[in-house]
Amino acid sequence: MSNIELSEQEIIRRNSLNRLRELGINPYPAEMYNVNATAKEIKEQFDSEKGNFQDVTFAGRIMSRRIMGKASFAGLQDSTGRIQIYVNRDEICPGEDKTLYNEVFKKLLDIGDIIGVKGFVFVTQMGEISIHVKELTVLSKSIRPLPVVKEKDGKVFDAFTDPEQRYRQRYVDLIVNPQVKDVFVNRTKIINTMRELFNERGYLEVETPILQPIPGGAAARPFTTHHNALNIPLYLRIANELYLKRLIVGGFDGVYEFAKDFRNEGMDRTHNPEFTVMEIYVAYKDYHWMMDFTEEMIERVALALHGTTKVQLGDKEIDFKRPFKRVTMYDAIQEYTGIDISGMDEEQLRGVCKDLDIEVDPTMGKGKLIDEIFGEKCEGNYIQPTFIIDYPKEMSPLCKKHRNNPDLTERFELMVNGKELCNAYSELNDPIDQLERFQEQLKLSEKGDDEAMYIDMDFVRSLEYAMPPTSGMGIGIDRLTMLMTDNLSIQDVLLFPQMKPEKKSEGDSDGKFEELGIPTDWVGVIRKMGFTKVEQLKEIKPGKLFNDLCGYNKKNKLGLTNPSADEVKQWVN
RNA sequence: CGGUCUGUAGCUCAGUUGGCAGAGCAGCUGACUCUUAAUCAGCGGGUCCAGGGUUCGAAUCCCUGCAGACCGACCA
């Protein structure tokens, strides 16, 4: 890339980079830099009485600079936060040669560069804990300017807030928006808290296939791929449920997995094509036990993160204190629509949907219709954690029949802030029933429901060897993180959310321009004037191009030799 | 897919009725030895998203397209 296509500030930084090398300073040194203090440690523990931190080695990124002649202040940021450094010319340059201060520090270093400093900690006249620098080392030169975000009295100036740029360039977001880092630290804390609980109970963390020949365990459209050696299609998993239950058959009492699942469906504030789910299966338990366990787990996560069960979410406060309310699905529908749907058949349910202005289509079975009514009229109302229990059989093909009502299943979902957070069953372990349920799904699929489940005969075979009564639960880690960190968008809790590919400027290569006889030096200039394809040159007047090129050369002091008018004419024709 | 809004300097954003393209920060030159959104003096920096139209004249008005945000629809 020629320099012409860089911004002025990028060119200046590249020049600084070269100048550093001329001065014998490696802008990207190989040696390790042995840091012995972090910004956080210094700010929390420094005590001028004790006289600690009198020999610190610190490294960080320059985030701000205030230069006053022979003395300067700068803000350095490391992984724990920011600390101010004080740089005095005659201290970092004790001899006659003041280059390190006058040129390297004041001119060649910029906001964004990473440097190391050695010195001692003190408190400035203004009362800020700072590092008094005695030695300064360039560790990595930045040649692209960083957005500069300033802050005073809690007010942020020139914030870097454009969501697209933040997600596409998460590294920049993390550098300039320190609160973003906290979200991801908390996300990991959530996962660790859950893992600790499971491990305390003796449950085993396992890994199951992501590439699956039959994408089972949920109703969703999968991503498809192909295995060359086997010459078969493979699917990215939409769930890991069927594999974990095989492990319960195999004799493990409790297994769990933090799993990436993939669903080839829409993207919005709460859906990303790949997302993280924790699924856990425990033998000899039922869904009542699992509700208690889920409550305990979530309360523990809230306490680990916030020290309280009350969590702020937007303008709402959510209280994760046990126990959560438990409402059957039929009661929920009765409460919010006034209609008792128990015992209704498919035709009657269709009528109810019509009365309630809910759109339906002929492929929908009984289960799906009830789900629509609930989703449309009830779901959004459950802001505080609430277990919705006892789902209709048709929408839960992997779930055991209810012990008291054969039309229902022993299933619960946990609703928080009007959205599903967890899904759990007393797992179906009757192999004959399971096969029948799969076959019903097949009928739905033939009816046109493209989300109906595939039949996994090996899973059925595993149940034929007998699976102990088991309860299983799945929880969306992204949604849980959103709830626990007060973020309303899934993209804010994923480090690298899926984005449309960045538009790349389509243009012809240098070679194409050079084929016309245009010297390499001038290709950049021509691009700068808006001609990215050789085609475009054919349509303009050579005289105007000649004038523009020479003018640009003069104006920007490029020092190139101007082509003659005839030469330009030849390029264009 | 539909509605609303947005696209201007490296960043955040103004831009009146259609009349020479603006500010703050960042950058550059200089001053300044405890500053903190440092300050002071000076300077440079633009394909006003792209293409077309109206007009003597378009960042501004109209059309088309592109990109993005938000809200719906669809979809777990």
Side-chain angles (χ1 to χ4, degrees), chain A residues 6-13 15-16 63-75 82-91 101 106-107 110-112 122-128 130 132 142-168 172 176 218-221 238-239 261 263-273 275 277 359 361 368 371-372 375 379 395 413 419-421 423 449-451 474 476 479 488-491 499-506 527-532 536 548 552 555-557:
Chain A
L6 298 172
S7 72
E8 184 194 21
Q9 293 195 39
E10 287 171 303
I11 293 166
I12 289 166
R13 285 181 180 228
N15 291 343
S16 298
M63 298 304 287
S64 63
R65 280 199 308 171
R66 291 176 291 282
I67 295 174
M68 296 153 285
K70 299 186 191 91
S72 297
F73 291 91
R82 286 191 197 185
I83 191 153
Q84 177 169 272
I85 61 168
Y86 171 74
V87 183
N88 183 297
R89 186 190 71 185
D90 296 325
E91 299 210 34
Y101 182 78
K106 277 170 69 175
K107 297 204 168 137
D110 293 291
I111 288 174
F122 74 113
V123 178
T124 65
Q125 286 175 15
M126 302 298 289
E128 179 155 348
S130 308
H132 189 120
S142 156
I143 57 170
R144 189 181 279 269
L146 210 55
V148 178
V149 181
K150 296 201 170 186
E151 196 202 314
K152 160 113 179 178
D153 302 332
K155 260 186 262 172
V156 177
F157 298 83
D158 302 326
F160 180 68
T161 54
D162 178 41
E164 190 189 359
Q165 285 196 67
R166 287 185 48 225
Y167 303 145
R168 277 194 203 285
V172 175
V176 304
R221 277 194 288 270
I238 55 175
D261 286 349
R263 297 187 182 178
N264 203 344
E265 288 163 352
M267 290 165 58
D268 60 31
R269 228 170 50 258
T270 54
H271 296 88
N272 194 65
F275 58 101
V277 172
E359 275 185 51
D361 67 68
K368 196 114 190 183
D371 191 32
E372 285 295 316
E379 192 174 56
M395 53 191 287
E413 289 194 355
K419 289 248 158 51
E420 172 198 343
L421 180 63
N423 185 16
D449 184 346
D450 55 4
E451 287 177 1
R479 288 188 185 177
L488 296 173
S489 165
I490 197 170
Q491 293 162 315
M499 304 283 284
K500 270 196 212 176
E502 228 171 322
K503 55 180 173 191
K504 46 178 180 272
S505 57
E506 286 177 24
R527 281 228 186 79
K528 189 81 183 172
M529 316 207 64
F531 304 106
T532 53
Q536 296 168 293
D548 288 350
Y552 192 89
K555 189 182 170 200
N556 293 284
K557 302 192 181 93

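Quick note on labels: first sequence line is chain A, next is B, and so on, each numbered from 1.
Judged by distance alone with a 3.5 Å cut-off, no donor-acceptor contact links the side chain of A:E10 to the base of B:G10. With hydrogens and angles ignored, a donor-acceptor pair closer than 3.5 Å exists between the side chain of A:Q84 and the base of B:U35. For B:A26, the base has a donor-acceptor partner in the side chain of A:Q9 [N/O atoms by modelled type, under 3.5 angstrom]. No N or O donor and acceptor, one from the side chain of A:D162 and one from the base of B:G68, sit under 3.5 Å apart.
Rounded to whole Å, the separation between the C1' atoms of B:C34 and B:U39 comes to 14 Å. To the nearest whole angstrom, the two P atoms, one in B:G57 and one in B:G44, are 31 Å apart. Between B:C62 and B:G24, the distance separating the two C1' atoms is 34 Å to the nearest Å. Separation of the P atoms belonging to B:A14 and B:G7 is 7 Å when rounded to the nearest angstrom. Of the P atoms belonging to B:G51 and B:C71, the separation is 32 Å, rounded to the nearest Å. One P atom belongs to B:U64, the other to B:G3, and the distance between them is 11 Å to the nearest Å. A distance of about 10 Å separates the P atoms of B:U8 and B:C13, rounded to the whole Å. The gap from the C1' atom of B:C49 to that of B:A69 amounts to 15 Å, rounded to the nearest Å.
Residue A:E151 is in sugar-phosphate contact alone, with no base atom involved, counting any heavy-atom pair closer than 4.0 Å across all strands shown. A:R269 comes within contact range of the sugar-phosphate backbone alone, with a heavy-atom separation under 4.0 Å but no base atom that close. Across all strands, A:E413 comes closer than 4.0 Å to base atoms (heavy-atom distances). Using a 4.0 Å heavy-atom cutoff across all strands shown, A:I67 reaches at least one base atom of the nucleic acid.
Annotation: of the two residues near RNA chain B, A:V148 and A:S130, the 5′-most nearest-nucleotide partner is A:V148. Comparing A:E8 and A:F160 along RNA chain B, the residue whose closest nucleotide (by nearest heavy atom) sits nearer the 5' end is A:F160.
Nearest approach of A:K107 to A:S16, heavy atoms of both residues: O-OG, 4.2 Å. Closest approach of A:F160 and A:P147 over heavy atoms only: CD1-CG, 3.6 Å.
Annotation: the span from A:M395 atom CE to A:D371 atom CG amounts to 3.5 Å, rounded to 0.5 Å. Once rounded to the nearest 0.5 Å, the distance linking CD of A:Q84 with OG1 of A:T124 reads 6.0 Å. Taking CZ of A:R479 as the start and CD1 of A:I490 as the end, the distance is 7.0 Å to the nearest 0.5 Å. Taken from CG in A:D110 to CD1 in A:I12, the straight-line distance is 8.5 Å, to the nearest 0.5 Å. The distance from atom CG of A:D90 to atom CG of A:N88, rounded to the nearest 0.5 Å, is 6.0 Å.
At whole-Å resolution of the value, CZ in A:R166 and P in B:G68 are 17 Å apart. The nearest whole Å value for the distance from the CZ atom in A:F73 to the C1' atom in B:C32 is 13 Å. Counting to the nearest Å, the P atom of B:G68 and the CD atom of A:E164 are 6 Å from each other. A straight line from CD1 of A:I85 to P of B:A38 spans 14 Å, rounded to a whole angstrom. Rounded to an integer number of Å, the gap from A:K106 NZ to B:G27 P is 14 Å. Summarising the geometry, the separation between CG on A:D110 and P on B:C25 is reported as 18 Å, rounded to the nearest angstrom. Atom OH in A:Y167 sits roughly 17 Å away from atom C1' in B:A67 (whole-Å rounding). The CE-P distance, from A:M267 to B:C70, rounds to 11 Å in whole Å.
In a base pair of the Watson-Crick type (N1 to N3 plus N6-O4 or O6-N4) or a G-U wobble (N1-O2 and O6-N3), with each distance short of 3.5 Å, B:A41 is matched with B:U29. Pair check for B:C70 finds B:G3; Watson-Crick or G-U wobble, both atom distances under 3.5 Å. Base pairing of B:G18 is not made with any nucleotide, judged by Watson-Crick or G-U wobble geometry with both donor-acceptor distances under 3.5 Å. Nucleotide B:G24 has B:C11 as its partner under the Watson-Crick or G-U criteria, with both atom distances under 3.5 Å.
In the set B:A26, B:G30, B:U33, the nucleotide with an atom closest to the side chain of A:Y86 is B:U33. Here the side chain of A:K150 is nearest to one of B:U36, B:C34, B:C25, namely B:C25. The side chain of A:I111 has B:G27 as its nearest neighbour among B:U36, B:U33, B:G27. Listed candidates were B:G27, B:C34, B:U33. Nearest to the side chain of A:I12 is B:G27. Side-chain atoms of A:K107 lie closest to B:G30 of the nucleotides B:C74, B:U36, B:G30. The side chain of A:F157 has B:A37 as its nearest neighbour among B:A37, B:G27, B:U33. In this structure, of B:A69, B:C34, B:G68, it is B:G68 that holds the atom nearest to the side chain of A:R168.
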Applying side chain to side chain contact (heavy atoms under 4.5 Å, CB included) to A:L146 and A:V176, what does each step give before you reach the verdict?
CA-CA 8 Å; A:L146 210 55; A:V176 304; 4.0 Å; yes
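One finds no side-chain N or O of A:R66 lying less than 4.0 angstrom from the OP1 or OP2 phosphate oxygen of B:U35.
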